[in-house]
Each structure stands twice: as structure tokens, then as C-alpha cells.
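Just the heavy atoms: all of them, side chains too, but no hydrogens, waters or symmetry mates, feed the values below. Letters A, B, ... mirror the listed sequences (proteins, then strands); counts begin at 1.
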2 protein chains.
Amino acid sequence: MGRMLDLSRLRALHAVSVHGSVAGAAAALGYTPSAVSQQIAKLERETRTTLLERRGRGVALTEEARHLAETAQELLSIVERAETTLEERRGQPGGLLRVAAFASAARGLMPGALADLARRHPALDVRLTEVDPHLSVDLVARGVTDLAVAHDWDIAPLPAPEGVEQAVIGDDRCDLVVPQDHPFTRRAVIRRADLGGERWVCQPPGRVCHDWLMRTLRAAGFEPDIAHVAEENHTIVALVAAGLGVAVVPRLGTGALPPGAVAVPLEPGPVRRLYAVWRTGAARRPAITEAVRTLREHWAYAAPLPGDLPSVRGGAGAVRQ
Amino acid sequence: MGRMLDLSRLRALHAVSVHGSVAGAAAALGYTPSAVSQQIAKLERETRTTLLERRGRGVALTEEARHLAETAQELLSIVERAETTLEERRGQPGGLLRVAAFASAARGLMPGALADLARRHPALDVRLTEVDPHLSVDLVARGVTDLAVAHDWDIAPLPAPEGVEQAVIGDDRCDLVVPQDHPFTRRAVIRRADLGGERWVCQPPGRVCHDWLMRTLRAAGFEPDIAHVAEENHTIVALVAAGLGVAVVPRLGTGALPPGAVAVPLEPGPVRRLYAVWRTGAARRPAITEAVRTLREHWAYAAPLPGDLPSVRGGAGAVRQ
DNA sequence: GGCACCCGTAAGCGATGCTTCATCCATCCC
DNA sequence: GGGATGGATGAAGCATCGCTTACGGGTGCC
């Protein structure tokens, strides 16, 4: 007697309400759009209510659907709380832990940390997704992911929506990367006032590295000369190694510098602070606390400490996790 | 990705918690015990927690299971509220309406009322179960049924647990049924003081009719002479028609008197008051309000009104609904 | 000690729910 | 306007799920 509102269908409706489209909901739930569409069609049949109406190319929720999605939200948060206290009573991390991280953390920090976590807690099913940095906090708040590794920049603080908590993992610093024959390689430290007259290799506008560079150089009185633009840090470093310019590159996730490129400390350089972010409702979940603990541990072990100087010499020797 | 607490499994656990046994839960949910057992076994696997332990011949819930059953209760009540408001917004009664009634109401009142209800509201799926009168209120409170037709007796008031509401449907009165050659048939009305020296046909001890008879006769100074005992009112009336004694019989659900039996008004006779009982959470559900309205309507139409005298002459002519 | 009761497990089968493929509709762009 | 794109939905197929029946094991009662 399937005579009752079904939680998975309500979850589908809720996802549509949150993401604004069937396709978005499907992506978030790990289904095809067709599956979500069928679920909601069944929900409509069971409740004898119209929930979705086509609006242009997408769909819009009816009044009843909005109300139903709201109670679905309520139900889902109760379920999450129940799962949390259940896991808490067991003490052992377990269940599904969906983790999101921005690109360089996904490359530089997560592999070791998550492998460690999975090794120590076999009952835990960890799944990583690489996401845009400025999306991660919102993804956590909306319940798409359970834990996110986010960062702010000294010029753009991390948003803190209702219902999420955060903890600092550590600070990631940036170096100036220059070709090996560059005069800076003979200097112990570079200051902002020294940066005039260089040709720059940089990320596209809108990315934090780009914005920091423009802002800093202009504040020091220079008009930046952006000679080359690339998305990936690896590409940027390769361009520098080829002698095409200099770049500001974060230590995390950059990996070993290729022959021909050398990292030089920049004082004061841009600093981004890494955070772990999770929902307050799951704060006491052992999987969360363990994951955060492991991230901080691996940061301390693998990443350069705040006052730590990297090896100035580049090339195959200077490997970073 | 079946990675979340499932509502139907939680419902199974909750039912076990309420009924105290897997078999009882299965009966309440309309499943076999095996199904419930498997559901809970899966819930145990998913949560990696022991929920049920064998205790003697039955089962006992662990601490975690009790806690989980509690949140299940919370979830189920939210779901019921959501279903109610959903139906309320539609305005039309619909969905599943589980109705319980005691035997004579199930026979004398429900067939007409429920048929009417089903005819006027095709979206409504009404299901009737006959239950013991003193169980019905509890069944509603525990969510096993949505609406109950219950009654109290002038000597035993209806219990009113937390979270249920009730409304009066009407009063059911009792007649004295005697063989057609009995001297009482020439009397307009019988009083309690007239009842001495009769041989009685009665329900078994513990039933309300029996208790009322013993109590009333003893209060009037007679020791009742119970000559024949039967469960069913039909049987009792048949025994009376055969001249084997007299009986006190409620009007509701007795049906036509067979040839040889005659009903005589008894003043003051036992009166039972019929109630409709439902959970407060579903009070505004159209299916509930419509069903209650229909019951009262059919009572007024089909059942003898409080001051109404039945036809004293029995036989095939005196038909009651 | 036999019997009744209750819970769990195994096998089987229908129903459910997902995927893929195809269609339809609205919008965007040329 | 016409073609291309993106999104939603329907039909068919197939795996999985969850129920039922049938059986075995353990407990309490007579």
C-alpha cells in the first residue's frame, strides 16, 4: 500500500525547488533528468495536485509545490539530524560523506587526506567533487555536499550563511615564480615595490590571483603588463619556465616546479586562508569531525607552515604535495 | 544511491515500537511479519546499528532503536500534517481513509454512510475495519486508523487521550425485546421495576449489555436469571423469538426483528452515545470532516431519533437500518 | 516433552525505479 | 524565418527492491 508521501520523491521536489530546474536537481541527486521528472509526475498523481508547470524552457513550482518543498526541507533536516545522532552514538565515522574542494586543494591536499581517512575508517564512503571556490559554501548550505574545503582571500572574506559552521585548516601563501636566470633569484626576499617593469603571466580576469595582482601593482604605482593568460597553474609555471614572464602562484597544488622556473618568497604576498565548511546540523557527526581533523593534520604535515620558507631553488628537487 | 534513512523502514520500526512485536507491527501495516523483519534488518545494515534483540519469544528495541523510533514518530506526524494541508488546499476529500467501527455500527450505520461517501467523492479510498469498541480510540491515537466510530455507555465514559478529538454522532437507545405472546407487548412502556422474574437472554459477561443488565436489575432489587448467553444480537433475538426469554437489545445494528419477537420501549433504558474520533493533526482534512458530516447525516436519517418511539409491533414490518 | 507461538532466513516473483533513446517545445542566433 | 540549442517529458528495457510463501530455530506454556 504505497499510500503515503514518499521521502525520495519529496527529496526530488525539494531539489527542483532549490536548483530551479529538473536538470539541476538531477545533477545534484546523481540521477538523469528523466528520473526526476518521473518521480515528480508520480508525486503529482499520488497527491492529485499539479506541482510543476512548464515556464518557458524550464519549469516553475506551483504554490502547493512550494509549500510541499518546504515541509520536505523540514523532513530532510530531521532525517539528517537523526543520521548524525545515530552515527554519533556509534562513535565511528560512517555513511556517505560528500566533499567538495576547489581545484588546487583537490589536487594538493585532498588525495592524501582522503586516502588516509578512507584507510582509517572503512565504513566511511568519501566522495570528492571539484567545484568553483565561490560555490562551495553555498553547496554545503543547500545540502548538495556535506563538507567543503573553501578559501577566502585577504581581499574577499568567506561568506557565512545561516546554518553552516567553519574551521580554519591553514594559510596558503603565494610565491613569485621567475625564470631561473632572473635577477630575483639572487634575492632572499622580494617586496611589492620591486615588482614594477615585469611581464606577467596570469590567470584570466575574475580569478582571485588576477585581481590581487592588478590591485597590488596599481597600489604600488605600476600598471601591470599582462603578457600571457592561462587557467591552470601548471600552464602558468610552464610559461614562466620558458622565460616568458613572472607569475604569482599559490604554493598549494602547484606541484613540483619544472626545470627553468624558480620560486622566490614574496613579502607581503597574497595569503588565502583555507576553511573546512559544514552544516551546523551535522556538526557533531563523527565523519565530519574526523575529516576536519584529518585535513588539518595533513595540512600541517604536507603544506608549508605559515612562517615556513619554501626551497628557493626550483626544478625537479622542489616538490610540494 | 539508496544512501539515506528510508521513511517506510522507519515506519516499520516505529510500528514495532508501538505494538511491541514484529507480528503486531506487520498486522497493523498490512504486511507479513517477514516483510517487517526484513525491513528492519536492512535498516540495521544501513545504519550499522543493532536495533532489535530477541527477548524471550519476542523482540526488544535497543536504546538506538527507541531513539530512532521517536524521530520516526516526529517524521510521520509531519508527513501526516503535510498530507492534511495538501488535501485541505485541494478542498476535495481524497486519499486513503481508514475507518474503524464497532460491530453494530459496522452493520447498521456504516454501509449506507460509506457508500454515500464513496459515491460523492471518487478520489477517496475508504476502508472499513470492524474492531472491538474499547480499542477504537487507541487505534486512532496510534495512527493505525484515521477515523473511528466509538461509543460510550452511561456507566463507562469514552477515554480521551492526547491528540485526538471527537464529535457526537448520536444516541443509540435499547429496547426490551420479548416474545410476541409476552404480557409486556400490551404495555406502552416498561420501567425498570417491572423487570423482575424474567428469564434473560444476554451477551457474555464483560460485554456492556451484560454489565448494564446485572447492574440495573440488582439496583432494582432483583437477581438476574441469565438463561441463555450469545455473542451476536441476531442470535439473541432469535432466542427471544423462540420464546426462551427476554433481552435488552440496542436499536442500532439489530436489523429487522424475526417473526415472534417484539420490541417494547424501556424507560429509562441504557443509552450509548456514538462518537466519531480522529487525530487532531488530521482535524482539518476534508476527508475527515466530510466523513463525520456524512455519519451524522445518516444517523439522523436512518437511526431512531432520541425521543422517537419504535414500532412496538415486531416481525417483518419493523425494519431498522 | 510436546505443542504453540514468534522471529528470522531462503527462494521466487511481481512491482518499482532507473537508464537510454526519442520527441516536443521554447528560445537564441544567424 | 530557419536552424541549432537546451530543457522537459514519454516509451521501452532492465536491474533492483520488496513483498509473499515456505521452512527452520528458539522459547514459553501445559
Side-chain angles (χ1 to χ4, degrees), chain A residues 1-62 64-66 68-69 72 96 125 127, chain B residues 1-62 65-66 69 72 96 125 127:
Chain A
M1 151 180 356
R3 272 243 156 254
M4 208 167 194
L5 289 179
D6 180 35
L7 197 55
S8 72
R9 301 190 192 177
L10 287 179
R11 180 160 46 232
L13 179 64
H14 178 247
V16 172
S17 157
V18 166
H19 294 91
S21 74
V22 174
L29 296 172
Y31 292 144
T32 58
S34 179
V36 173
S37 180
Q38 291 176 51
Q39 291 273 23
I40 291 182
K42 282 185 184 157
L43 194 55
E44 287 186 324
R45 244 173 289 140
E46 284 167 3
T47 60
R48 283 173 299 280
T49 311
T50 306
L51 297 174
L52 255 48
E53 345 184 276
R54 306 218 45 159
R55 186 69 51 97
R57 200 148 58 164
V59 290
L61 279 72
T62 64
E64 287 83 4
R66 277 194 295 276
L68 206 54
L96 174 68
D125 178 13
R127 306 193 177 198
Chain B
M1 163 183 343
R3 273 244 155 252
M4 209 168 192
L5 255 31
D6 179 35
L7 197 55
S8 70
R9 295 181 201 194
L10 287 179
R11 180 159 47 231
L13 179 64
H14 178 247
V16 172
S17 156
V18 166
H19 294 90
S21 74
V22 174
L29 296 172
Y31 293 143
T32 58
S34 176
V36 173
S37 180
Q38 290 176 54
Q39 291 273 21
I40 292 183
K42 282 186 184 155
L43 193 56
E44 286 186 323
R45 244 173 289 140
E46 283 167 3
T47 61
R48 283 173 299 280
T49 311
T50 306
L51 297 174
L52 254 48
E53 352 184 273
R54 306 218 46 160
R55 187 67 53 96
R57 198 151 55 167
V59 289
L61 278 73
T62 63
R66 278 194 294 276
L96 174 68
D125 178 14
R127 308 196 174 193

TODO: Sugar-phosphate means primed atoms, P, OP1 and OP2; the rest is base. With that split, encode nucleotides 20-30 of chain D 5' to 3' as B, S or - using protein heavy atoms under 4.0 Å.
DONE: BB-----BS--

Task: Side-chain N or O of B:Lys42 closer than 4.0 Å to phosphate OP1/OP2 of D:dC17 - done: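 Result: no.
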
Task: Any A:Gln39 side-chain N or O less than 4.0 Å from OP1/OP2 of C:dC18 - done: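 Indeed, a polar side-chain atom of A:Gln39 lies that close.
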
When the distance from [atom1] of [X] to [atom2] of [N] is rounded to whole Å, what number comes out?
| X | N | atom1 | atom2 | result |
| --- | --- | --- | --- | --- |
| A:Glu46 | C:dA15 | CD | C1' | 14 Å |
| B:Ile40 | C:dG8 | CD1 | P | 8 Å |
| B:Leu51 | C:dG8 | CG | P | 11 Å |
| B:Leu10 | D:dG18 | CG | P | 13 Å |
| B:Arg45 | D:dT16 | CZ | P | 15 Å |
| A:Arg11 | C:dC18 | CZ | P | 10 Å |
| B:Glu44 | C:dC7 | CD | P | 14 Å |

TODO: Sort out for me which residue in A:Leu10, A:Leu61, A:Leu52, A:Val22 forms a side-chain contact (heavy atoms from CB on, under 4.5 Å) with A:Ile40.
DONE: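 Exactly one option meets the side-chain contact (heavy atoms from CB on, under 4.5 Å) with A:Ile40, and it is A:Leu52.
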
TODO: Name all residues meeting the salt bridge (charged side-chain N to carboxylate O under 4.0 Å, His left out) criterion together with B:Arg55; count only those two or more places apart in sequence or in a different chain, and write none if there are none.
DONE: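 Salt bridge (charged side-chain N to carboxylate O under 4.0 Å, His left out) check on B:Arg55 returns B:Glu53.
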
TODO: Would you mind classifying the nucleic acid contact of B:Ser8 as base, sugar-phosphate or nothing, using non-hydrogen atoms under 4.0 angstrom?
DONE: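 No contact.
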
Task: Rounded (10°) bend between the five-pair end axes of the helix from C:dG1-D:dC30 to C:dC30-D:dG1 - done: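 Axis angle across the helix from C:dG1-D:dC30 to C:dC30-D:dG1, nearest 10°: 30°.
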
Task: Of A:Arg9 and B:Gly24, the one whose closest DNA chain C nucleotide lies more 5' - done: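 Nearest-nucleotide comparison on DNA chain C picks B:Gly24.
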
